[in-house]
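One is the number of the first residue; the rest follow in order along the sequence. Atoms within each ligand, like the ligands themselves, are counted from 1 in listed order. Fair warning: this is a prediction, and the values are worked out from it, not measured in the lab.
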Amino acid sequence: MEPDLAGGIAVLDFGGQYAHLICRRVRGLGVYAALLPHQTTLAELEKLGVAGAILSGGPYSVYAPGAPTADPGIFAGELPILGICYGYQLMVKAHGGEVARAGRREYGRSRVRITEGGGLFKGVGGGGLEAWMSHSDSATKISPTMEVLAASDGSPYAAVRLSGGRQYGVQFHPEVSHTDMGETILANFVLDVCGSERKWSMQGFLQRSVEELSKLEGRVLCAVSGGVDSSVAAAILSRAVGQRLRCVFIDTGLLRAGEREKVEATLGRDLGLSVAFIDASERFLGGLKGASDPEQKRMVVGKTFAEVFEEFASTEGPFEHLAQGTLYPDVIESGRSSGPAAVIKTHHNVGGLPPGLSMHVVEPLRELYKDEVRELGALLGLPETALRRHPFPGPGLAVRVLGEVTGEKLAVCREASKIVEEVLEEAGAYSQAWQAFAYVGDDRVTGVLGDERKYGFQVTVKVVKSVDGMTADWSRLDPATLERISSRITNEVHGAVAVAYNLSSKPPATIEPQ
Ligand code: XMP
């Protein structure tokens with residue numbers, strides 16, 4: 001099922017924060033790229049038939065004990081390679097050069113002077129470029145077989161080429177948007193040096209996936225939540241297996257306002273899927289009674305979900321397959337692909353299957369990034385409003401109601417969040433935000449309503465910007481928007497008397513309050 005990497009680009013993962021971004025940028029050029037563990041050997045790459053490899057950056061020093069290494073064959077062979085930051089330093093070292101702690105660290109934008117144009121820098125212009133740097137080590141000596149292509153204030157060897165023109169190294173990050181002409185530099189490597197053809201497209205992916213998925217025998221069960229990933233997974237499966245797909249929506253009582261209606265409209269009306277709705281809210285809320293510890297609440301929600309799901313599967317079954325909307329970063333981050341960047345995030349749906357289920361798992365989106373899933377969803381006819389919905393956590397409002405989950409706090413949280421979303425939509429700011437919601441705990445403050453003192457909830461509003469949810473920054477909303485959110489919440493949400501705005505980034509905070 002996995003797309004063929006032949007003629008595409010392998011991105012070897014040395015743990016750098018931008019490794020995924022390199023993949024996404026190459027795919028954006030129309031060439032398929034996949035992240036592979038840094039230990040992948042030249043023989044393995046040749047067997048896959050890749051046209052070239054990009055060695056990512058990483059947080060290590062090449063001489064540090066235990067620092068990730070690459071197969072020496074890669075540097076000795078003929079396969080085109082581009083080393084970025086740490087990947088570049090490994091290349092320098094492999095060819096007999098030296099790397100040392102830089103006299104001058106470079107973080108952020110740096111001016112890069114191109115000393116030899118053409119090739120990697122074709123179309124970049126002689127004036128040089130502003131490039132994004134993030135390194136404390138630098139190449140201090142390069143082998144005589146390498147030529148310098150560019151320099152910056154902090155590194156005389158900001159870009160190099162091995163004679164023969166198959167291997168390149170850059171100290172800066174062409175994949176980040178802060179580097180001028182970064183896309184041109186990557187395109188020069190991928191299309192010219194590697195000779196990859198622009199054959200990767202979402203239309204092609206859709207066609208191939210439908211062809212493959214239609215070979216599944218038996219019935220497929222898919223839990224939908226109203227979120228982008230499960231909706232797109234259901235839509236593609238429905239195209240492939242038609243009536244053999246059964247969708248189920250479990251109302252946990254912890255969902256956003258109007259979620260069921262949204263699912264009925266987009267999956268039911270727009271795509272013609274039949275969705276079974278199960279109202280299990282009492283069971284979830286009953287299970288959560290008395291639980292105030294965040295981890296305990298997550299556990300209760302996860303366990304109850306598994307039980308309800310299993311009951312549905314056994315009464316409506318048998319189902320041979322279980323579809324999940326797992327995305328590419330989930331697969332990598334949960335350690336199913338073993339790069340040094342692998343961090344286990346237990347809250348993602350990978351590995352979170354009900355233990356008693358014996359169904360074959362189908363993950364039609366496991367090769368895709370979120371923005372690609374949105375593109376695929378559009379091709380499948382999902383409306384734009386459904387595709388740009390913010391992510392929502394599996395445990396739902398249980399992690400946005402601090403302390404014990406009560407009906408009263410749930411109502412405040414749900415209504416206030418709806419207002420936050422509506423105001424951002426009106427202000428044209430919804431799509432720029434990664435997530436936007438309100439949360440509430442047991443803090444009560446004194447207010448005046450009319451002439452009366454009123455002791456009520458303090459609601460906190462959180463709006464963050466993020467690329468992938470791994471890091472996030474609080475949104476600098478304009479004061480008029482904040483003002484509108486605040487006054488609507490105190491006027492319209494029963495029990496709310498004050499509104500605060502959360503000013504914390506991730507790290508050190510996380511996106512969800514619990
Ligand atoms: P945190 O709170 O860890 O969240 O900064 C990062 C992203 O993951 C989402 N999230 C979850 N998603 N189950 C999920 O399916 C969970 O338990 C969970 N916790 C957090 C969060 O909404 C954000 O987008």
_Any Leu273 side-chain heavy atom under 4.5 Å of Val224 side chain_ =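 A side-chain contact under 4.5 Å is absent here.
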
Ligand 1 atoms in contact with [X] (distance to a heavy atom under 4.0 Å):
X      : answer
Thr510 : 1 (P), 2 (O), 5 (O)
Pro395 : 13 (N), 16 (C), 17 (O)
Lys506 : 1 (P), 3 (O), 5 (O), 6 (C)
Trp434 : 24 (O)
Gly469 : 6 (C)

*Which salt bridge (charged side-chain N to carboxylate O under 4.0 Å, His left out) pairs, counting each pair once, include a residue from residues 221-244, with sequence neighbours left out?*
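As it turns out, the salt bridge (charged side-chain N to carboxylate O under 4.0 Å, His left out) pairs with a partner in residues 221-244, which skip direct neighbours, are Asp229-Lys370.
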
*Please walk me through it: do Leu55 and Phe14 pass side chain to side chain contact (heavy atoms under 4.5 Å, CB included)?*
CA-CA 7 Å; Leu55 278 51; Phe14 290 92; 3.7 Å; yes

*Can you name the side chain to side chain donor-acceptor pair (under 3.5 Å) partners of Asn502, sequence neighbours left out?*
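Per chain and number, Asn502 pairs via side chain to side chain donor-acceptor pair (under 3.5 Å) with Tyr439.
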
*asked:* Please report whether ligand 1 has a polar contact with Arg298, defined as an N or O pair separated by less than 3.5 Å (distance criterion only).
replied: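 Yes, since at least one N or O of Arg298 sits under 3.5 Å from an N or O of ligand 1.
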
*Among Arg27, Arg24, His20, whose side chain to side chain donor-acceptor pair (under 3.5 Å) with Tyr369 holds?*
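So, applying the side chain to side chain donor-acceptor pair (under 3.5 Å) to Tyr369 and each of Arg27, Arg24, His20, only His20 qualifies.
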
